[in-house]
Structures are given as C-alpha cells and as structure tokens.
Amino acid sequence: MPEKRRLEEGDVVTIQKPAFDDLLRNIQNAGFQPVGPKVSGNTVVYGELESLSQLPKGYVTEQAPGHFRLVPNSRAGYFDFIPGAQSWKQFLLPPVFELLRLKKEADKWSFDGAARHPRSYAFIGVRACELAAIQTQDRVFLRSDFSDAIYRARRAKVFVLAVNCLHPAGTCFCSSMLTGPRVQPGYDLCLTELDDVFLLAIGSELGRSVCLDIPCEPANAFTLDKADRAIDEAAQAARSPVDASRCADDMMQNLEDPHWEDVAARCLSCGNCTMVCPTCFCWDVTDRMNLVGTETCRERAWDSCFNPGYSYQSGGNTRPSIKSRYRQWLSHKFGAWKQQFGTLGCVGCGRCITWCPAGIDTRLEVAAMQREAGG
Amino acid sequence: MIMTQEVARIEDSARQARPLNWARIVSVESEIPDVSTYGLRFEDPAIRSTYTFEAGQFNMLYVPGFGEAAISISSDPGDPTTILHTVRFVGNVTRAISRLQAGSLVGVRGPFGSAWPLSELTGKDLFIACGGIGLPPLRPALHHIVNHRESFGKVTLLYGARSPAELMYVKEYDRWREAKIEVETTVDRADSTWDGRVGVVPMWFYNFRIDPHNTAVLTCGPEIMIRFVIFEALARRVTPESIYVSLERNMKCGQGSCGHCQIGPYFICKDGPVFRFDALEPFFNVEEY
C-alpha cells in the first residue's frame, strides 16, 4: 500500500496515475490555474485543465517537415504525444497585449484604465525543450540591464510541472541542442510516465508543498533504471547533424555563403517558424486611435523578422530580400544570439520544421552552413 | 517557479525601466525644408531636475494615436532642462510631430543608447564627418567640445548636405569656428548662391591632413556615406579602434527587447547607436544584413 512519507526537495517518488488528479487539485488550491495539453481540432493545444482525463491520452503525434498528424494509439499514455504548434510563450508573452490606453480631455492626454494583475498559471506537461525555451526567454526579458514588466509579472508566478519525453517526434532535435529530452533544473515537479505509474521528481519547495498528502512510494532502483533507459533511448532518437558547440561561429563566418540563395528559393517568408518558435521574442507596437482622435490604445503584438515591415525605416528596408530575412532569422537563432544572451536561441523543439509550409528542415540548413565552414 | 537568484536581478532591473513621461514643446524652429528643431521640457518638475543625457543618446518621442519614433538628442548635454530634438519629417510619427505647435505635449522615454566616448578621447584630434540628418546626433558632441575645448587637439567638422539650402545649424558655425573648430561644408549639388565645396563627404575626406595615430573619427549620416568615410579613414591608416559610428535602424522599444534594430550580435538601441568600428567590422560590409 502507498504510504504517507516525509518528502524532501530532490526526492524521486512513484505515484499512481489517478493520484495526478489530486496533485492537480492541490496545485489549484495553491493558487495556480493549471493549463496543459488538450486535443482540439486535430492537434494539441494548451488550455485550462481540471483533470487527467482531459490530457491527450491514447494519442501520439507524427511529425515531419511540413507535416503534423495526431494519431490514435490505444497503448499510448498521457504524455506520449509531442506538443503541437502552441508553446508556453503565449502565456508569458501574450501574442497581443494592450500596453496603455489614453484619453484626451480638454486637449490633454491622460492614462486610462486600471493595472491588470495576471493570473498565476501552472504549466502542466512542460517538456525539456520547452523549459529550456522559457529559460532562454528569461535571458531576453529578465536581464540585469532591462526587464520586461509584462513578462516579469507572468513569469514570477508560474508553477512548472515538467515531463520527460520518451517518444520524440520526427522533427525533434533536443539532443543536438543539449536541452533534452531529460528535463534540466528549473521545474517544481517533473514527471516520467511509465506503463503503470508516474515517477515524480520534487524540484522545489513549492513543488514539495503540493505533494505532501499525495500517496507515494520511494522510487526503487528498478523503476529508476527503467525510466533512465527510456530517456536515453529518446535521446538517441532526438539527434541531428547540428553541432551546437560550433554553430555560433560557423553561422557568423558564413553570412555570405551561396547556400543562403538556395534556402531563400524555398522559403515563403510567411513567418510561421517565428510564430511557433518558443524562443522568438520580437514584438511590434502600434497605436489604435478612435476615429475622432480622442482615445488611443498602444498594443504590443508578436512580430516576425520575416515581415517586410520589420526592418523598414526612413531610408528604406534594411532586409528587402527573403534571403536576407531568412539569414537574419537563422544566423540570429543559431549564431548572434549566443553573444547577446549567452546561449543559442534554439532549443531543438522542431516546431519550425513541422509547421513550415514549405517543409524547410532547419536542422539541415544549419548543418549545410556548418559544412560550408569546413566542419 | 523562478530561480531565487533571478528574483534579485529582476527587481534590480525593474527599477531601471524608463517609463513614458510627458514633455511640453516650448519651441519650434524650422531648420531646412522638412526638418525642424523642437525644444522639450518635462511637465513633471522632478523629472526635469533629474533628467540627464550624454552626447549621442536618443529619446523615444510619442505622439498619441500615431506612435513612437527614436530621435537623437541634439542639444547641449550640459543643459538638460530643455532638450532639443531635430526631427526630419519622413514617417507617420515624424509627420505627426510636424503638425504639433509650441504648447503641445509629447510623450518621452529615454535617454537610450550609447554615447560618443568624449571623455576617452581627451588629448586627441577629432575629425567629425557627417551628412544630412547625421549632424544633429553630433551637435551635443560639438557643444561638449566647445565647452571643453582645451581637452582636445585639432577639431575638424566636415559636413555635407544635398544642396546649400539643406545645410543645417548654419547660424552656429561662427560660434564653433570661434572655438577653433574647423568647420568645412560641402554640397552634392551647388546653386548660384554657393561658392564652396561640391561633392560628397567621403570624396573630400582625403583632402584633410590628419594624424592617423592621434585622430579619432566620429561619423554619422546615410549608411552609404558612413561606409565610404570609414573606407577613406582606414586608407589613411586610422585604426578601426579610433573610428566611431552612429547607426540607425527601426526601433520600437529602446531597450534591446523588441528585436527590430539588430545588427549581428548588437541591438543598436542599447549597444549603440554609437559603436567603435572594430565591433562592427566583421559584418559591416555584408549586404542587407
């Protein structure tokens, strides 16, 4: 029989799968709104969760360049699918956000509207690459010289329940980017789903506090070994020709390589890759004024370096060609990002590959640049 | 949850955020067609008394309903109570500014960006090469030089405009010359009023005898002009470490967050606009980068 025991941060225990609902309830009672993966419209989206039964149990995902299918599989567990186009970015960096609202009275503009307090979310089912993506955006928005108030307010209140991936999709390459499939520190709780039980690692005091009344047993060596082997196998599957240790240098040395023309001929400059990317952070601000000119709101929204207007200024467009825009995206993500924020901008989640309507395989484009560099 | 060491860092940086403050336009002076200089004073006396800036920095100016534009500060950093912005009317926001009169309010965030490193250049000769709307970001540096003239050796300003009518700040040349700044102007196209130099700035650069070992070159203007000024300066054996460039790109935030103004590893809004050329050299000549 499962017994109550003293839990410590760093412990790894097993819980019965139905106990997950109690865990979810505890997280909710601690003041966090659980959000997690659900099946909707033939894909997986992130939405509010009340119970285990809402998870995409019995599904796996088939992913390839320009290809995503949700496939029923009677043996599949709760977390055997690989996430869809959505990422947690939408909660921390809202796609559209009203920065301020102004009203003009007697020829004087004044701020209008009360400050909003964001909800505290519990992210349920964060994959290793996704946690790495959140930490990558932390470096962009929570710097010592600048921090973004909107991101900060949301990020500070997030509960992270992570999940180790055991069945990578065809576009996954977290192993190459050194971000997964094993979840790295930064979570409150981390699950590994085995056939009969969940393995639960306690990553923080907050994580511990929501587990106290959950029946659990210390994980035995056999179970731990089984989980380790499954994660190691997944790691083998999530490899690619990308060499993360050198790609920043390779990118910056190949800015004028003829291969950019090759990929530009295939790229539609649609910006899908930047929208689904969990680390792409660019945003634009526009004013929306009413017709009589007495009220305006400033709205911030995700932008993309593939939009022609992105680099438009008085002297013209800095990057008029698709070649220059694709190069900006790829050489930023796999190159310049490192000097800017100390890590590469890619976590190897593969979304840009899966959701590219032209089926451009980012892994191969990076590898092509690395070959040009003589690697 | 977020790592605890992050929290202190975040709180630290939150204090550095630069919010929007209202400033009143106290003067409007037309410089040349489609360019005017606006004098701004913050409405809030507390901001007015604490606001400072360095030569080369910029503010984001906001016109409600139209948006923000990054505009360099063109006045004396020694007197920041009234801030001057010389604005060329080219886009939505700047055209909205062009319709504002003295007494109107604009939103101001700033100052942002890096400055001309004047204190590091003590004892050096300065060669300032600029064109068109590239002069306003250098005027604060000229103010500084006039106020600290003994700190520098020979100072030359080579300034080019498309036509004689488009030369800016003409009334100030005498004051600069009095301070022993050599002021040389050139125009792309002369007219009947003009008996000075004709030709673009880089073309005249070679005409000046400079000491390559003790001269810092400061340049701002159209990117094509900057490119050739640097080319000429390097040809004269001025080192990349002695060349300073002020660049311009589309900017939305001013704090290295919105992504628009990137050039290679830099955000022009926070790592620039003023760069020492050796930082840009590896990719400065990459087309459409």
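Reminder, nothing fancy here: chain letters follow the sequence lines and each chain counts from 1. Because the structure is a prediction, the values reported are computed rather than measured.
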Checklist line | Contact summary for Y310(A) and G259(B), nearest pair of heavy atoms | finding: OH-O, 2.7 Å
Next item on the list: Decide yes or no for M252(A) and P265(B): does some side-chain heavy atom of the first lie under 4.5 Å from some side-chain heavy atom of the second?
Entry: yes
Notebook entry, point to check: Take atom CZ in F97(A); do more than 12 heavy atoms of anything else shown fall under 6.0 Å from it?
Noted result: yes
Next item on the list: For the residue pair W22(B) and F111(A), categorise the inter-ring angle as parallel (less than 30°), tilted (30 to 60°) or perpendicular (more than 60°).
Entry: tilted
Note to self: Looking at E256(A), is its backbone amide N or carbonyl O close enough to the side chain of Y289(B) to form a donor-acceptor pair, meaning the two atoms are under 3.5 Å apart?
What the structure shows: no
Check: Has the side chain of R249(B) got a donor or acceptor atom that lies under 3.5 Å from a matching backbone atom of T318(A)?
Finding: no
Notebook entry, point to check: Relative to chain B, which of D148(A), D303(A), L100(A) shows the most heavy atom pairs under 4.5 Å?
Noted result: D303(A)
Margin query: Could you check whether any side-chain N or O of N250(B) sits under 3.5 Å from a backbone N or O of Y312(A), counting only pairs where one atom can act as donor and the other as acceptor?
Written below: yes
Next item on the list: May I ask you to list the residues in residues 278-287 of chain A that approach chain B closer than 4.5 angstrom, counting heavy atoms only, ordered by number?
Entry: F281(A), C282(A), W283(A), D284(A), V285(A), D287(A)
Item checked: Option that, when pairs with chain B are counted at under 4.5 Å, heavy atom only, ranks first among R288(A), M289(A), Q339(A), Q313(A) -> Q313(A)
Next item on the list: Check each atom of Y266(B) against the heavy atoms of chain A and say whether the ones under 4.5 Å are side chain, backbone, both or neither.
Entry: both
Margin query: I'd like to know which of V90(B), V286(B), L105(B) tops the heavy-atom pair count under 4.5 Å against chain A.
Written below: V286(B)
Next item on the list: Could you tell me the separation between the NE2 atom of H260(B) and the CG atom of N307(A), rounded to the nearest 0.5 Å?
Entry: 8.0 Å
Next item on the list: Considering non-hydrogen atoms only, spot the tightest contact between Q340(A) and G264(B) and give its length.
Entry: NE2-O, 3.5 Å
Note to self: I need the residue from G91(B), S257(B), G107(B) with the largest number of non-hydrogen atom pairs under 4.5 Å to chain A.
What the structure shows: S257(B)
Next item on the list: Check whether C253(B) gets within reach of chain A through its side chain, its backbone, both or neither, counting any heavy atom under 4.5 Å.
Entry: both
Note to self: Under 4.5 Å from any heavy atom of chain B, what part of Y151(A) do you find: side chain, backbone, both or neither?
What the structure shows: neither
Item checked: Residue pairs passing the salt bridge (charged side-chain N to carboxylate O under 4.0 Å, His left out) test where at least one lies in residues 311-340 of chain A, sequence neighbours excluded -> E261(A)-K323(A)
Item checked: Most contacts with chain B, counted as non-hydrogen pairs under 4.5 angstrom, among A122(A), P320(A), S311(A) -> P320(A)
Note to self: Using 0.5 Å steps for rounding, measure from the CZ atom of F146(A) to the CZ atom of F112(B).
What the structure shows: 8.5 Å
Next item on the list: Give, for atom CD of Q255(B) and atom CZ of R143(A), the distance between the pair rounded to the nearest 0.5 Å.
Entry: 8.0 Å
Next item on the list: Could you tell me which portion of E68(B) (side chain, backbone, both or neither) has an atom closer than 4.5 angstrom to a non-hydrogen atom of chain A?
Entry: both
